[in-house]
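Lettering follows sequence order; numbering is per chain, from 1. Computed over heavy atoms, backbone and side chain alike; hydrogens, waters and symmetry mates excluded. Note that the coordinates shown come from a computational prediction; the quantities given were computed from them, not determined experimentally.
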Amino acid sequence: MSERPHEDMYFHGSGISLRFGGVAALSEVGFQVRRNSLQAIIGPNGAGKTSLFNVITGFYRMDEGDVRLDGDLISGLPPHLVARHGIVRTFQNLEIFTNMTVIENVLTGGHLRVGYGPLDFFFRTPRFFREERKLRELAKECLDFVGLFERRDLPAGQLPFGSQRLLEIARALAAEPKALLLDEPAAGLNMKETAALGELIRRIIDRGITVVMVEHDMNLVMRISDRIMVLNSGRVIADGTPAEVRENPTVIAAYLGEEE
Amino acid sequence: MKSQVLRNNAWLLAFAAVAALPLVLPNDYYLTVLIVGGLYTILSIGLNLLMGYAGQASLGHAAFYGLSAYTTGILAVTYQWPVWAGILAGLALSSLVSYLIAVPTLKLRGNYLAMGTLGFGVIVFIVLNEATSVTGGPSGFTGIPKLSIGGKEFSSDLEYYYVVWAAVLLLFALSRNLVRSRMGRALRAIHTSETAASALGVDTQRYKIFVFVLSAFYAAVAGVLYAHYVTFVSPGTFGFPTSILLVTMVVLGGMASLWGAVLGALFLTLLPEWLRAIEHFDILVYGAILVLCMMFLPGGLAEGAQKAWDASLSLFRKKGAAAEEGGGQ
C-alpha cells in the first residue's frame with residue numbers, strides 16, 4: 001500500500017457500481033487520472049456524473065468498486081475521512097455557509113489544516129494563536145488566488161452568484177487537497193466568467209492539485225481538459241484526449257449529436 | 001479601530017457592571033431575581049451553542065437542568081455526600097445522560113430531533129414525579145444544604161450572587177473562545193450545510209454530540225447552583241414550559257450570539273417582575289412584547305443592542321471629530 005503508484009494510477013477507480021433499488025446509476029465505472037492533470041467527465045443528464053462524485057466522496061455508499069488516491073484506499077469511507085485523505089469537492093448547487101463572512105467560509109475550508117484541540121481553544125494556548133495565524137495566512141492566500149480578497153469581510157450570502165462559485169473553490173483550496181472535484185463549476189456563469197474560470201482551473205493544476213471536473217460547457221471542457229471521460233446511462237462509453245473524444249462516433253451519437 | 005477595542009472588551013465592562021450592581025440595588029429581592037437571571041443566562045448560553053451556532057434543536061433542555069439539581073440534592077440529603085461530591089456527580093450524570101441521548105437522537109434532523117429531545121424531557125419529568133421514594137414526587141425534595149466549599153458556606157444572597165455570576169463569567173469566556181475557534185466555525189458550518197461541512201473534513205456527528213453534551217453540561221451547572229441556592233427542588237421547575245422558556249430566551253436574545261443569550265435570559269427573567277404591577281394583564285402584555293420583539297428585531301435583542309451601540313459610537317465619533325477640527329489642526 002505504501003509503494004508509490006504509477007503516475008497514471010495516481011487517482012483511480014475500478015468496478016464502481018451503484019444501484020438505487022432496481023436502477024443502476026453506475027455500472028462498472030472505472031477511471032484513471034494522472035497526477036497534476038485535469039480530467040473532465042461529461043455525459044447527458046442522468047448519466048451518473050454527480051453520482052460518481054457522490055460515491056467517490058462518500059456521500060453515497062457504492063455497492064461495489066474500489067477508489068484509490070495516491071495509494072490510499074478511499075472507497076467505503078465517510079465524507080469527512082475522504083476529505084482527510086485529500087479529496088475535496090465543490091457542489092453543483094452551491095453549498096456556501098451563508099451565516100458566515102467570505103473569509104470565515106475559507107477558514108472553515110482549512111478545518112483540517114489546523115491542529116489544536118478543545119484545551120487549546122478553550123484556554124487560548126500559544127499553539128491556538130500560532131495555528132490560527134497560520135490558517136488566516138492560508139485563507140488570505142486562497143482568497144487572493146480566486147480574486148475575492150477585497151471582499152473577505154462581506155457576508156458570504158451577499159456575493160453575486162459567480163463570486164460564490166469562486167468562494168467555494170477558495171474554500172476547497174484552503175483544505176489543501178491532493179485532488180479537487182468540481183461539480184459543474186461553470187453552471188450559471190456568463191461567458192466572461194467562464195473564461196476566467198478556465199484560467200483559474202489551469203492555475204489550480206499549476207499549484208500541484210489534480211482536478212476532476214464534471215461540466216456541461218463543451219467549449220470549456222474541450223479547451224482546458226487533459227483527458228475527457230464520457231458517461232452514458234451509468235457506463236463509461238469513452239475516455240481519451242479532447243481530440244479523441246470529439247471524433248468518437250459513440251460519443252457523437254450518445255451525447256454531442258443530441259445536445260450540441 | 002477604537003470600536004474594535006471597545007467591542008473586544010465590552011464583556012469586561014459588562015461584568016464589571018455586574019460586580020458593582022449589588023451596591024446600587026434598592027433591596028435584596030432584586031438580588032434573588034438576578035441570581036435566577038444568572039442561572040438562566042448559563043442555561044441560555046449553553047443552549048445557544050447548540051441551537052444558535054450548531055442549529056440543532058433541543059426542546060428538552062430543562063431535563064438536564066433538573067437531573068443535576070436532583071442528583072446533587074438527593075446525594076447530599078439521602079446519602080449524606082459532601083456538597084462538592086454531589087455537585088460533581090450531578091454534573092457527571094447530566095453529561096453522561098446527554099451523551100447517551102445525543103448518540104441516537106443527533107442522527108435525526110430538524111423536527112424529528114426536536115421531537116426526540118421533547119420526548120426525553122417529558123420522560124425525565126415523569127420520572128421525577130413518579131419515583132416518589134427517591135425524588136419526593138410532585139411535592140418536591142426539601143432540605144438540600146446551602147453551597148459550601150472547603151468549610152465556607154455561601155448562605156447570603158449577596159455571596160451567592162457573586163458565585164453564580166462568577167460561573168456566568170467563566171462559562172461566557174469559555175464559550176466565547178469556543179465560537180472563535182475552528183470548532184465554532186465548524187458548528188456554524190453544520191448549521192447551514194452539513195453536506196459541505198463534512199466534505200471539508202468536519203466530523204459532523206462527533207461535533208454535534210460534543211456541543212450537545214457541552215450544552216447539557218452548562219444546564220447541569222445551572223442545576224446544581226439552583227439546588228444549593230433554593231435548597232428545594234420540585235418537578236415543575238424542570239418541565240416542558242422551562243424548556244420552551246429557554247428556547248425563547250435563545251431566539252429572542254439572538255441566535256448564534258453569546259450576548260444575545262445573556263440579554264435574552266435577563267430580559268425574560270426581569271420582564272415578568274416588571275409586569276407584576278399590571279397584575280391580570282401581565283401575560284397578555286408579555287406575549288405582545290415577545291411578538292413585537294420578533295417582528296422588529298428578527299436578529300434578536302443582540303442585533304438591537306448592536307445597532308444601538310454602533311449608532312451611539314458613530315455619534316460619539318462624529319462629535320469627537322468635530323471637536324478635533326474645532327481645536328484647529
Item to check | B:N177 vs A:F128, side chain to side chain contact (heavy atoms under 4.5 Å, CB included): CA-CA, chis, key distance, verdict | outcome: CA-CA 10 Å; B:N177 288 351; A:F128 168 83; over 6 Å; no
Item to check | Proximal component of A:L135, with respect to chain B [non-hydrogen, under 4.5 Å] | outcome: side chain
Checklist entry - So which heavy atom on A:N99 is nearest to which on B:H191, and how close? => result ND2-CB, 4.0 Å
Checklist outcome for this item: Highest number of heavy-atom pairs under 4.5 Å with chain B among A:D120, A:T98, A:L107 belongs to A:L107
Item to check | Crowding at CZ, A:R203 (>12 non-hydrogen neighbours, <6.0 Å) | outcome: yes
Item to check | Under 4.5 Å from a heavy atom of chain B, the part of A:Y116 involved | outcome: both
Item to check | Where B:G201 and A:R84 come nearest, the two heavy atoms and their spacing | outcome: O-NH2, 4.0 Å
Next on the checklist: Please find the pair of heavy atoms, one from B:S193 and one from A:F97, that lie closest to each other, and give the distance.
Outcome noted: O-CE2, 3.7 Å
Item to check | Nearest heavy-atom neighbours spanning B:R185 and A:E132 | outcome: NH2-OE2, 2.9 Å
Next on the checklist: Between A:H111 and B:Y207, is the ring centroid distance below 6.0 Å?
Outcome noted: yes
Checklist entry - In terms of heavy-atom contacts, does CG of B:N111 have more than 12 from other residues, nucleotides or ligands at under 6.0 Å? => result no
Checklist outcome for this item: Okay, B:L214 and chain A: the region with an atom under 4.5 Å from a heavy atom over there is side chain
Next on the checklist: Please evaluate residues B:R188 and A:E104 with respect to the criterion side chain to side chain contact (heavy atoms under 4.5 Å, CB included), reporting the C-alpha separation (whole Å), side-chain torsions for both, the decisive distance (0.1 Å), and the verdict.
Outcome noted: CA-CA 10 Å; B:R188 284 158 69 205; A:E104 283 172 335; 3.0 Å; yes
Checklist entry - Which bit of A:F121 is near chain B, if near means a heavy-atom gap under 4.5 Å: side chain, backbone, both or neither? => result both
Item to check | chain B contacts, top residue of A:E95, A:H85, A:R124, A:E168 (heavy-atom pairs, under 4.5 Å) | outcome: A:R124
Next on the checklist: Return the CZ to CG distance between A:F122 and B:L178, rounded to the nearest 0.5 Å.
Outcome noted: 4.5 Å
Item to check | A:F20 atom CZ, over 12 foreign heavy atoms within 6.0 Å | outcome: yes
Checklist outcome for this item: Of all heavy-atom pairs linking B:A199 and A:A83, the shortest is O-CB, 3.3 Å
Checklist entry - So which part of A:V82 gets closer than 4.5 Å to some heavy atom of chain B, the side chain, the backbone, both or neither? => result neither
Checklist entry - Just wondering, are more than 12 heavy atoms of other shown residues or ligands nearer than 6.0 Å to CZ in A:R61? => result no
Checklist entry - For A:F59, is it the side chain, the backbone, both or neither that has a heavy atom under 4.5 Å from a heavy atom of chain B? => result side chain
Item to check | A:F161 atom CZ, neighbour heavy-atom count above 12 within 6.0 Å | outcome: yes
Checklist entry - Can you say whether A:T57 sits under 4.5 Å from chain B via the side chain, the backbone, both, or neither, judging by heavy atoms? => result neither
Checklist entry - Could you go step by step and tell me if B:L200 and A:V88 meet the side chain to side chain contact (heavy atoms under 4.5 Å, CB included) rule? => result CA-CA 6 Å; B:L200 295 167; A:V88 172; 4.0 Å; yes
Checklist entry - What distance do B:D203 atom CG and A:L81 atom CG have between them, rounded to the nearest 0.5 Å? => result 7.0 Å
Checklist entry - Looking at A:M100 and B:A189, what are the two nearest heavy atoms and their distance? => result CE-N, 3.3 Å
Checklist outcome for this item: Residue from B:A197, B:S175, B:S181 scoring the most non-hydrogen pairs under 4.5 Å with chain A is B:S181
